[in-house]
Student: 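Mind looking over this structure? Questions follow.
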Amino acid sequence: MTEDSSQVIVSRDNSLLRLARSVRDGKERGLIFIEGLRLCEEALQTGMDFEALIYSDEIAEKERAARLIKQSAGVSRRLAAVSEQLLATISYTKTPQGIIALAHRPDSGPDAISQDSRVPALLVVLHGINNPVNVGAILRSAEAAGATAVIATSHTSDPYSPKSLRGAMGSAFRLPIWFGTDYQTALRWCAERGIETVCADAKADASYTALDWRKPSALIMGPEATGLTQAEVAAADWAISIPMAGKVESLNVGVAAAIALYEAARQRRESR
């Protein structure tokens, strides 16, 4: 392919490679690390602000990747073609995906999740969820079920980490996300807007199907190992559980979130 004038061919000690490693390792908080052709396409389509696009010479010969590289030339500040070997030194995955974007982190304050008053809010609050794979899976389920936004507290794994982004499969780029607040602030923000807060708690008496999800609601999911504390559950408006047969004590947090969210989606769909 023909190289754009803005393209930079990098060497082993180039500052762009060092920047990519820092972003990959979470040391550059203003940028996020996006790896793989599909995720880079999703990011580009949603208008993410690209600082750089780094790709291998090999993938540039493929039609789909070449199209993405050409489209990125107009929005990315830096383009860089490198060898497969060099790309492997900055890749997050065991098998390099051939293309990496460094994008500016989206606004993640409360203004990022301003609500459309015509649609009853359906938020997901992630509190203390440590596994980025679970965070990504919940983001994906949230978008699929029609959630309007996500709040992730400061004790939750970064929704924009490489592992979370892979699990979310593009949902992290499309869903409004407020990341880094504390639990009480999130609950207070919901209360001020008439959004009922609902804790998922294995010990709760009420079933997830008993709640009226048609009202503005925020589903709160807690840590994988311990769940929400009694004080955290008591601070919310409601607590719901998912009935389970046999000797199963709990569900994976991502599975539990999906079940509750799809009940909310069912109720809202049938009320139209």
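All values below were derived from every heavy atom in this structure, side-chain atoms included, with hydrogens, water molecules and symmetry-related copies excluded.
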Student: Quick check against the 3.5 Å criterion: does S241 have a side-chain atom that pairs as donor or acceptor with the backbone of A204?
Tutor: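 Present.
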Student: Roughly how far, to the nearest 0.5 Å, is CD1 of I90 from OG of S22?
Tutor: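 The CD1 atom of I90 is 11.0 Å from OG of S22, to the nearest 0.5 Å.
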Student: To the nearest 0.5 Å, what is the distance between OG1 on T185 and CZ on R188?
Tutor: 4.5 Å
Student: Please check if the side chain of R268 supplies one atom and the backbone of K215 the other of a donor-acceptor pair under 3.5 Å.
Tutor: yes
Student: Write down the atom of E35, the atom of S91, and the distance for their closest heavy-atom approach.
Tutor: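 Looking at all heavy atoms of both residues, the closest pair is OE2-OG, 2.5 Å.
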Student: Assigning hydrophobic clusters by single linkage (Ile, Leu, Val, Met, Phe, Trp, Tyr; side-chain heavy-atom cutoff under 4.5 Å), is I113 placed with Y183?
Tutor: yes
Student: How long is the span from the CZ atom in R214 to the CD atom in E270, to the nearest 0.5 Å?
Tutor: 10.0 Å
Student: Can a donor-acceptor pair be found, under 3.5 Å and without considering hydrogens, that links the side chain of T156 to the backbone of L126?
Tutor: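 Yes, T156 side chain to L126 backbone: donor-acceptor pair under 3.5 Å.
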Student: Output yes when a side-chain donor or acceptor of S141 lies under 3.5 Å from a complementary backbone atom of I138, and no otherwise.
Tutor: no
Student: Of all the heavy-atom pairs spanning L37 and A65, show the shortest one and how long it is.
Tutor: CD1-CA, 3.9 Å
Student: Sub-3.5 Å donor-acceptor pair from the side chain of W213 to the main-chain atoms of Y262, do we have one?
Tutor: no
Student: Would I59 and Q97 satisfy side chain to side chain contact (heavy atoms under 4.5 Å, CB included), going step by step from the backbone distance to the final call?
Tutor: CA-CA 9 Å; I59 201 170; Q97 303 296 302; over 6 Å; no
Student: Quick one: OG on S157 to CZ on F179, what's the gap to the nearest 0.5 Å?
Tutor: 7.0 Å
Student: Would you name the heavy atoms of A147 and L175 that are closest together and state the gap between them?
Tutor: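 Result for this residue pair: O-CD2, 3.5 Å.
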Student: Parallel under 30°, tilted from 30 to 60°, perpendicular over 60°: which one fits the rings of H127 and H155?
Tutor: perpendicular
Student: Please list all pairs meeting salt bridge (charged side-chain N to carboxylate O under 4.0 Å, His left out) that have one or both residues in residues 232-259, counting only residues at least two apart or in different chains.
Tutor: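 Every candidate salt bridge (charged side-chain N to carboxylate O under 4.0 Å, His left out) pair involving residues 232-259 fails, so no pair, neighbours aside, qualifies.
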Student: Apply salt bridge (Lys or Arg N to Asp or Glu O under 4.0 Å) to K203 and D201, showing your working.
Tutor: CA-CA 5 Å; K203 298 177 182 178; D201 178 22; over 6 Å; no
Student: Which atoms form the tightest heavy-atom contact between G222 and V253, and what is the distance?
Tutor: O-CG2, 3.8 Å
Student: Please answer whether the main-chain N or O of W189 pairs with a side-chain N or O of R193 as donor and acceptor at a distance below 3.5 Å.
Tutor: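 The answer is yes, because a donor-acceptor pair under 3.5 Å joins these two groups.
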Student: Answer yes or no: is there an ion pair linking R174 with E42, defined by an N-O contact shorter than 4.0 Å?
Tutor: yes
Student: With R166, which residues qualify under side chain to side chain contact (heavy atoms under 4.5 Å, CB included), at least two apart?
Tutor: L39, Y92, T93, K163
Student: When you compare the side chain of R78 with that of E51, does any pair of heavy atoms fall below 4.5 Å?
Tutor: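 A side-chain contact under 4.5 Å exists here.
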Student: Answer with yes or no whether the hydrophobic clustering places L68 together with I32; edges join I, L, V, M, F, W, Y residues whose side-chain heavy atoms lie under 4.5 Å apart.
Tutor: yes
Student: So do the side chains of V82 and N14 get within less than 4.5 Å of each other, counting heavy atoms only?
Tutor: no
Student: Applying the 4.5 Å side-chain criterion to the ILVMFWY set and letting contacts propagate, would L139 and V133 be lumped into a single cluster?
Tutor: no
Student: Please determine whether residues I99 and L79 belong to a single hydrophobic cluster, defined as Ile, Leu, Val, Met, Phe, Trp and Tyr linked transitively by side-chain heavy-atom distances below 4.5 Å.
Tutor: yes
Student: Can a donor-acceptor pair be found, under 3.5 Å and without considering hydrogens, that links the side chain of R105 to the backbone of Y160?
Tutor: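 No: the side chain of R105 does not pair with the backbone of Y160.
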Student: Same cluster or not: V150 versus M221, using hydrophobic residues (I, L, V, M, F, W, Y) connected whenever any side-chain heavy atoms lie under 4.5 Å apart?
Tutor: yes
Student: Do we see a donor-acceptor contact under 3.5 Å between the side chains of T209 and E263?
Tutor: no
Student: Flag the pair S108 / I177 as yes when at least one side-chain heavy-atom distance between them is below 4.5 Å, and no otherwise.
Tutor: no
Student: If you round to the nearest 0.5 Å, how far is CG of L261 from CG of L122?
Tutor: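 One finds 6.0 Å between CG of L122 and CG of L261.
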Student: Mark yes or no for whether Q267, through its side chain, and L211, through its backbone, hold a donor-acceptor pair below 3.5 Å.
Tutor: yes
Student: Sub-3.5 Å donor-acceptor pair from the side chain of E224 to the main-chain atoms of N130, do we have one?
Tutor: yes
Student: Please walk me through it: do R38 and E41 pass salt bridge (Lys or Arg N to Asp or Glu O under 4.0 Å)?
Tutor: CA-CA 5 Å; R38 180 174 176 181; E41 288 174 334; over 6 Å; no
Student: In sequence, state the C-alpha distance, the side-chain angles, and the governing distance for R21 and R18, and then conclude on side chain to side chain contact (heavy atoms under 4.5 Å, CB included).
Tutor: CA-CA 5 Å; R21 293 188 190 98; R18 292 196 297 272; 4.2 Å; yes
Student: To the nearest 0.5 Å, what is the distance between CD (Q71) and CG (L44)?
Tutor: 5.5 Å
Student: Over all heavy atoms of both residues, which pair between L102 and F33 is shortest? Give the atoms and the distance, please.
Tutor: CD2-CD1, 3.8 Å
Student: Would you say the side-chain atoms of R77 pair up with the backbone N or O of F50, donor to acceptor, closer than 3.5 Å?
Tutor: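 Yes; at least one donor-acceptor contact below 3.5 Å.
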Student: Which atom names give the shortest non-hydrogen contact between I34 and C40, and what distance separates them?
Tutor: O-SG, 3.7 Å
